[in-house]
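Okay, structure first, notes after.
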Amino acid sequence: MTASTLLLFVALLSAAGFLLGRKRALGIADAHGGVRSLHSLPGHYGLYTAIWVAIPALILLFVWQSLEPAILSELVSRELTAEMQELPPERVGLIMNDVKNLVAGNIVSGAVSPEISEAADQWLSLENTFRWIRTLLIAGLTGLGFLFAWRLIHPDLRARNRVERVVRGVLIACSTIAIFTTVGIVLSVLFESIRFFQYVPVTEFLFGLEWSPQTAIREDQVGGSGAFGAVPLFAGTLLIAGIAMLVAAPIGLMTAIFLSEYAPRAVRSVAKPLLEILAGIPTVVYGFFAALVVAPEIRGFGESLGMSVASESALAAGLVMGVMIIPFVSSLSDDVINAVPQAMRDGAYALGATKSETTRQVIFPAALPGIVGGLLLAVSRAIGETMIVVMAAGLSANLTANPLQAVTTVTVQIVTLLVGDQEFDSPKTLAAFALGLVLFIVTLILNVIALTVVRKYREQYE
Amino acid sequence: MSNTNSTGRDAGTGLKATNRSMDRVQASLRRRYRAEKRFRAYGLISVVVGILFLFVLMASILAKGYPAFRQTFVTLDVYLDSAVIDPEGSRDPAVLRLADYKRLIRNSLQEIFPDASGRSERRKLVALISNGAPFQIQGLVMDEPSLVGQTLTLEFPASADLDMLMKGHIDRSLPEAERRLSDAQIGWVDKLVEQGRVHKRWNKALLSNGDSRDPEMAGIWGAVKGSFYMLVVTLVLSFPIGVAAAVYLEEFAPRNRWTDLIEININNLAAVPSIVFGLLGLAVFLNFFGMPRSAPLVGGLVLTVMTLPTVIISSRAALTSVPPSIREAALGMGASKMQATFHHVVPLAVPGMLTGTIIGMARALGESAPLLMIGMVAFIVDVPQGFTDPATALPVQIYLWADAPERAFVERTSAAILVLLAFLIAMNSLAIFLRRRFERRW
């Protein structure tokens, strides 16, 4: 049976367990003087049985599924011929890949040698045996679980408490996934980065001024030494994010002020959702628009003024990214502006201040921490934005502050280094993880500062 | 402001002084009102800029994209020559499958244009018809071998270049070397048009085919199905897990460091760049667990991890909006904490949770950066049939087509964007509908 049918099978058995458990509880209750003698509702006894049927089997299935491929591959590779065994580990890996492809019915690199097809046959027969063992084990485990619960059912069994304890455990497990995710991100990026830093020193990576991640495939290749100085990428990222913020910060802020302080209700109810649409448009659409409409326009305009503009200028990517962030800035600023107590506005009006004076001299200073927090979040978003820059910014790592030239960013390089088939031990692919580590750390710091500032600010007025 | 202050201070010193400061206030008023108007105008301009951009974006994509829904077709009379298809007359499917159907099309075209002679001329002639046309005949013949020997009048998709010419994207006034179609080809096309063999029809291929190198055969159905499988995985995982996490944090979690840590993590994860989740998927799901590359299952897992914070945050908001009196009433009737939560609080919060989940799904549907990392950018022709088949996603397909050099792909990219936006609008409308219809305000 395949894993999904097994899953269905366990689910059905578990449902049967529920019904039988409930029935058993009711039957026992009759012998002890009615349903009232039960500690818990009959359904709780059913659930208790269902849990015992399902949970152990599911745990086994999960463990089995995660271990099976590795064990299979190990067993089959041990059976390879002696001369294959002596090959270096990468070559053995390639052979095993061929075997797996043959098993899956995919295209195999080159002709199929008899050894490989033999190994594939062996793989299939082993897999078949494994499947049988798995099915039997799981069937046995559900049966054992059922018997165990069945024997335990008794009017005094605190079924509800036990069931609730399990449910609570499941809830806790679900809520810790967030922590596992963070740990997973840190570990996955960190491990590969450490491997990268064995090839390239940290200082060279962080402070080197030249980026050209081509590594030599052959020893005698020309120009393939590879340079991993990431400063041009950081500069490019900051340049584009800076342009984006120059667009988004004033426009977003003024939009928020206008909509919350000036606009009549009717305008607000139309303009706000319209601007929120901007936030809902996928970034790939912005990227397409930047590359196909904005960049040629800027280029044409610049050339009509006699300036040389790269066809993938930082300006185009930055402008479009800025527009993308406008709704983000404006909705965050809207929140903090609305959190400023009305009494402060009334006080300013009572002194004869105009609306703009109130806004600039009373509301703005009061809301400043929150606004700064929101802007920091927006910066973190601009730095991490990928699709717009992949499609509209270039690949050439220029160290320049001229927005009309092409620059490249951290995210663009991560994508270009990792897209396509890559081996996993070249500094070229590992560099992507080092860049990812930098990106994660920088955005993490920005986010934590911003979230703390915003929260402190909110508490101040609540 | 200083004027206002001085008015107050001078109020007691006499009428004359008051007058003077009143004068100063009066004199400054015009300036202040001008500043007021300017400030208001800045605000208005900002709003208008944002909305204007939205309209320009939409209009440009709509203008580029809608022609892609119509495709040029060429009607040809094809003689299914048994000497070409099946010289031995065995009607064996293996023979029929491998026959040279392209030659049939060439023959049919040559009948219309006897003047085209020589290899390169003939090749140019055949290039007017899509590369998919031979497969169309192949399909017909495989289904109905008795057709061999007959002459059929068939409609073939025109090649992308002819299509672009008909849609006015190829400038006839350019010198021949700079055009994708030669003078001779344009002459042939004009003659075909004269004979009434060229017309535009609804482009079925765009919505029903998988990807292709030939723009006229390329479609988004493979990408749509890939996105669908991914969203199913994401929904099935992120909704229950997100709700469970939200219920725990909102209803059961004690206030302690561990809970704080979880909360900080969730808030931070919501702001982590999406590409970092792609790195996680690559390192953990692909390299560590050895899951298949390019599979919607892995894409769905990555998107689950990415949308989970959104789902948790909105589910928590929905739970907080349920008034405490509901919980207290349930507890007062003797329900356990768990029963009060799952029988009374959660059902009331479900509409809000669903709304948040749908919005999270919409965001996941538009996401492409993490999918690039896990190999979903591969060129995949076949429409995926399951969760582990190699697939691509709609936004990734847009990215791939946006990179393609042919002019015809620009049109199709915009059309794919229109389809993506239609899905997003549908999902968001559903969310708004749910909110309006079911959400209770307490």
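Note on naming: letters A, B, ... go to the chains in the order of the sequence lines (proteins, then strands), and numbering restarts at 1 for each one.
Judged purely by atom type and a 3.5 angstrom limit, Thr388(B) has no side-chain atom pairing as donor or acceptor with the backbone of Ala295(B). Checking side-chain atoms of Gln397(B) against main-chain N and O of Leu394(B) turns up no donor-acceptor pair under 3.5 Å. Formation of a donor-acceptor pair under 3.5 Å by the Glu357(A) side chain with backbone atoms of Thr354(A) is found in this model. Without hydrogens or angle criteria, Ser238(B) side chain to Thr307(B) main chain gives no donor-acceptor distance under 3.5 Å. Looking only at distances, a side-chain donor or acceptor of Ser294(B) sits under 3.5 Å from a matching main-chain atom of Gly375(B). Ser40(A) places a side-chain N or O within donor-acceptor distance of the main-chain N or O of Arg160(A), the cut-off being under 3.5 Å.
Under the 6.0 Å distance and 45° angle rule, Lys355(A) does not count as a cation-pi partner of Phe39(B). Annotation: cation-pi geometry not satisfied between Arg40(B) and Phe258(A) (NZ/CZ under 6.0 angstrom from ring centroid, within 45° of ring axis).
Residue-environment remark: OH (Tyr262(A)) exceeds the threshold of 12 foreign heavy atoms within 6.0 Å. Heavy-atom neighbours of Glu297(A) CD from other residues, nucleotides or ligands within 6.0 Å: at or below the threshold of 12. At most 12 non-hydrogen atoms from other residues, nucleotides or ligands lie less than 6.0 angstrom from CZ of Phe423(B). By the 6.0 Å contact criterion, CZ on Phe379(B) is enclosed, its count of non-hydrogen atoms from other residues, nucleotides or ligands being greater than 12. By the neighbour-count criterion of 12 heavy atoms within 6.0 Å, atom CZ of Arg381(A) is sparsely surrounded, having that number or fewer from other residues, nucleotides or ligands.
For Leu279(B), the parts sitting under 4.5 Å from any heavy atom of chain A are the backbone and the side chain alike. For chain A, no part of Lys337(B) is nearby; none of its heavy atoms comes within less than 4.5 Å. Of the two parts of Val410(B), the backbone and the side chain both hold a non-hydrogen atom closer than 4.5 Å to a non-hydrogen atom of chain A. Using a 4.5 Å cut-off between heavy atoms, Arg168(A) touches chain B through backbone and side chain atoms alike. The part of Leu41(A) that comes within reach of chain B is its side chain, from C-beta onward, which places non-hydrogen atoms under 4.5 angstrom from that chain. Looking at Ile177(A), only its side chain comes within 4.5 Å of chain B, counting heavy atoms on both sides. In this structure, the portion of Leu421(B) lying under 4.5 Å from any heavy atom of chain A is its side chain and not its backbone. When heavy atoms are compared at a cutoff of 4.5 Å, Leu451(A) approaches chain B solely by way of its side chain, counted from C-beta outward. Interface residue Leu424(B): only side-chain heavy atoms are found under 4.5 Å from chain A. If you measure heavy-atom distances from Thr452(A) to chain B, you find no contacts under 4.5 Å at all. Both the backbone and the side chain of Val47(B) come within contact range of chain A, judged by heavy atoms closer than 4.5 Å. In this structure, the portion of Met58(B) lying under 4.5 Å from any heavy atom of chain A is its side chain and not its backbone. Interface residue Ile414(A): backbone and side-chain heavy atoms are both found under 4.5 Å from chain B. The parts of Val56(B) that come within reach of chain A are both its backbone and its side chain, each placing non-hydrogen atoms under 4.5 angstrom from that chain. Residue contact with chain A, scored on non-hydrogen atoms closer than 4.5 Å, involves the side chain of Tyr33(B) exclusively. Contacts of Val390(A) with chain B are made by side-chain atoms alone, with heavy-atom separations under 4.5 Å and no backbone atom involved. Heavy atoms of Phe191(A) lying under 4.5 Å from chain B are absent altogether. For chain B, the nearby part of Leu275(A) is the side chain; its heavy atoms alone come within less than 4.5 Å.
In this model, no donor atom of one side chain and acceptor atom of the other lie less than 3.5 Å apart for Thr411(A) and Glu385(A).
Note on ring orientation: taking the six-membered ring where Trp is involved, the planes of Phe53(B) and Tyr286(A) are parallel (angle under 30°, cut-offs 30° and 60°).
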**Asked** Going through the checks in order, is the side chain to side chain contact (heavy atoms under 4.5 Å, CB included) test met by Ile241(B) and Ile312(B)?
**Response** CA-CA 8 Å; Ile241(B) 295 179; Ile312(B) 295 178; over 6 Å; no
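Of the listed residues Ile179(A), Ile185(A), Thr386(A), the one with more heavy-atom pairs under 4.5 angstrom with chain B than any other is Ile179(A). Options Val170(A), Val285(A), Val320(A), Ile326(A) differ in how many heavy-atom pairs under 4.5 Å they form with chain B, and the most are formed by Val285(A). Contact tally against chain A (heavy-atom pairs below 4.5 Å) for Asn428(B), Asn268(B), Val305(B): the top residue is Asn268(B). Of the listed residues Leu377(A), Val448(A), Leu444(A), the one with more heavy-atom pairs under 4.5 angstrom with chain B than any other is Leu444(A). The residue among Val323(A), Thr443(A), Leu274(A) with the most heavy atom pairs within less than 4.5 Å of chain B is Val323(A). For the set Ile45(B), Thr259(B), Leu44(B), the entry with the most heavy-atom pairs within less than 4.5 Å of chain A is Leu44(B). Across Val163(A), Leu439(A), Asn447(A), the residue that shares the most heavy-atom pairs under 4.5 angstrom with chain B is Asn447(A). For chain B, the option among Leu437(A), Leu187(A), Leu292(A) with the highest count of heavy-atom pairs below 4.5 Å is Leu292(A). Comparing Pro395(B), Ser336(B), Ser60(B), Ala362(B) by how many heavy-atom pairs each has under 4.5 Å with chain A, the most go to Ser336(B). Per-residue counts of heavy-atom pairs under 4.5 Å with chain A were compared for Leu365(B), Val276(B), Leu269(B); the largest is that of Leu269(B). Of all the listed residues (Ala271(B), Ser414(B), Ala402(B)), the one sharing the greatest number of non-hydrogen pairs under 4.5 Å with chain A is Ala271(B). Options Leu308(B), Val284(B), Leu249(B), Thr413(B) differ in how many heavy-atom pairs under 4.5 Å they form with chain A, and the most are formed by Thr413(B).
In summary, Glu36(B) and Arg31(B) do not engage in a salt bridge, as defined by a charged side-chain N under 4.0 Å from a carboxylate O.
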